[in-house]
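Below is one structure, written out as structure tokens; comments come after it.
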Amino acid sequence: MSPQPVSNHVRPTSELLDRLHAAKRTLHETHARLPLSAKVGMVLQLQRIVLPLLARQRPLRYWERPWEIEP
Amino acid sequence: MSISFGSALKVLNEIKATGVVQEYAIGGAMALVFWTEPIATYDLDVFVLFPPQEGPILSLAPLYEWARGRGYTLESEHIMIEGVPVQFLPSHNALSDEAIETARTMDYDGVAVRVVRPEYLAALYLEPSARTPKRRERVAALKEAGETDQALLKQILQRYNLEE
């Protein structure tokens with residue numbers, strides 16, 4: 001077995017990592033509990049954010065465009 | 001912009017009222033919105049049960065005829081309804097029949113809309129033909145969703161041999 005490479009990087013404590021993960025969980029849970037119209041609003045926002053990024057990777061399919069509606 | 005998502009949902013109830021479809025339920029990623037954290041999606045999946053037709057092969061012609069009559073454009077496999085590309089998915093087996101029949105009626109801005117329950121949504125994602133890493137993530141999110149009845153989910157997965 002080859003020896004582990006030595007690193008001088010300072011590492012976070014497990015407590016800090018736990019706190020960061022817990023914060024992320026809380027964020028997901030908060031999103032999940034939003035009113036329905038706010039969640040549909042998020043989908044519409046995500047379409048506007050994600051589609052231009054997708055378009056850089058591949059041609060978009062005919063249905064892949066932002067919905068021109070309100071939540 | 002003046003069209004709202006609710007306008008498209010209203011139309012789903014109209015299709016059922018006309019008898020073009022016998023029953024419907026929203027599935028796919030837009031159904032997730034009702035149960036858990038929203039994700040990016042670009043079309044609205046609607047599972048449908050059609051009334052009896054003549055002949056052994058299901059025809060979508062009545063649906064397309066209805067859409068044309070309403071002035072909605074057809075784009076390959078989607079119908080553009082009030083600004084939303086909608087894909088109507090005829091029920092493909094007993095599990096999806098049950099998912100449609102047991103859908104929960106939810107309220108979206110005063111519009112009653114039928115949505116596949118989270119337990120059935122998870123089971124549909126676990127069907128061999130649908131099982132992808134992305135969908136497994138969705139199943140994980142559904143399993144954690146407060147609304148998911150764990151006992152019912154387990155029972156459905158057992159009955160349809162979909163246990164992971």
Side-chain angles (χ1 to χ4, degrees), chain A residues 1-7 9-71, chain B residues 1-11 26 28-45 73-88 104-113 115 118 134 137-138 140-148:
Chain A
M1 206 161 59
S2 58
Q4 293 275 317
V6 179
S7 164
H9 293 300
V10 179
R11 303 297 182 198
T13 61
S14 59
E15 288 78 15
L16 173 58
L17 286 176
D18 287 347
R19 272 209 319 277
L20 294 172
H21 292 150
K24 201 177 278 290
R25 260 200 315 278
T26 305
L27 182 67
H28 290 311
E29 285 163 10
T30 307
H31 286 165
R33 282 197 303 268
L34 285 171
L36 283 175
S37 56
K39 292 206 262 184
V40 171
M42 279 179 71
V43 171
L44 300 179
Q45 270 185 325
L46 284 168
Q47 290 176 343
R48 284 175 178 79
I49 295 166
V50 175
L51 284 171
L53 298 174
L54 260 187
R56 288 193 210 169
Q57 297 166 24
R58 60 167 171 80
L60 295 180
R61 284 167 283 209
Y62 67 91
W63 73 88
E64 290 176 328
R65 54 190 179 216
W67 300 351
E68 296 300 327
I69 62 169
E70 288 174 355
Chain B
M1 279 198 299
S2 57
I3 314 171
S4 71
F5 185 58
S7 314
L9 299 181
K10 264 186 207 161
V11 174
I26 291 179
M30 282 311 289
L32 285 181
V33 167
F34 287 82
W35 307 121
T36 183
E37 187 179 19
I39 58 168
T41 187
Y42 314 108
D43 62 356
L44 175 65
D45 287 343
T73 53
L74 309 178
E75 295 192 31
S76 196
E77 302 302 323
H78 290 81
I79 301 177
M80 287 299 296
I81 295 179
E82 305 295 325
V84 178
V86 181
Q87 193 167 49
F88 289 92
R104 196 182 296 173
T105 300
M106 308 289 285
D107 177 90
Y108 185 88
D109 272 359
V111 180
V113 59
V115 183
K134 193 169 74 176
E137 274 181 37
R138 294 178 186 179
L142 282 166
K143 280 182 174 171
E144 285 174 15
E147 300 253 13
T148 303

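Per chain, numbering begins at 1; letters A, B, ... match sequence-line order.
Of the atoms belonging to B:M30, it is side-chain heavy atoms, and not backbone ones, that fall under 4.5 Å from chain A. At a 4.5 Å heavy-atom cutoff, the contact between B:E77 and chain A is made by backbone and side-chain atoms alike. Proximity to chain A involves both the backbone and the side chain of B:S76, based on heavy atoms less than 4.5 angstrom apart. Of the two parts of A:L60, neither the backbone nor the side chain holds a non-hydrogen atom closer than 4.5 Å to a non-hydrogen atom of chain B. Of the atoms belonging to B:D43, heavy atoms from both backbone and side chain fall under 4.5 Å from chain A.
Per-residue counts of heavy-atom pairs under 4.5 Å with chain B were compared for A:H28, A:Q45, A:R65; the largest is that of A:H28. Most heavy-atom pairs under 4.5 Å with chain B, from the set A:H31, A:E29, A:K39: that is A:K39. Interface check for chain A: of the options B:A145, B:A8, B:G83, the most heavy-atom pairs under 4.5 Å are formed by B:G83. No other option in A:L46, A:L44, A:I49 has as many heavy-atom pairs under 4.5 Å with chain B as A:L46.
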- Assess whether salt bridge (charged side-chain N to carboxylate O under 4.0 Å, His left out) is satisfied between B:R104 and B:E147, documenting all intermediate values. CA-CA 12 Å; B:R104 196 182 296 173; B:E147 300 253 13; 3.2 Å; yes
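Distance CE/A:M42 to OG/A:S37: 12.5 Å, rounded to 0.5 Å. Note that CD1 of B:I26 and CZ of B:F34 are 5.0 Å apart. Values are rounded to the nearest 0.5 Å.
The closest donor-acceptor contact from the side chain of A:E64 to the backbone of A:R61 lies under 3.5 Å. Side chain of B:S7 to backbone of B:I3: no donor-acceptor contact under 3.5 angstrom is found. Panel note: side chain A:Q47, backbone A:W67; a donor-acceptor pair is recorded below 3.5 Å.
Note: A:Y62 and B:H78 meet the aromatic proximity criterion, with ring centroids under 6.0 Å apart.
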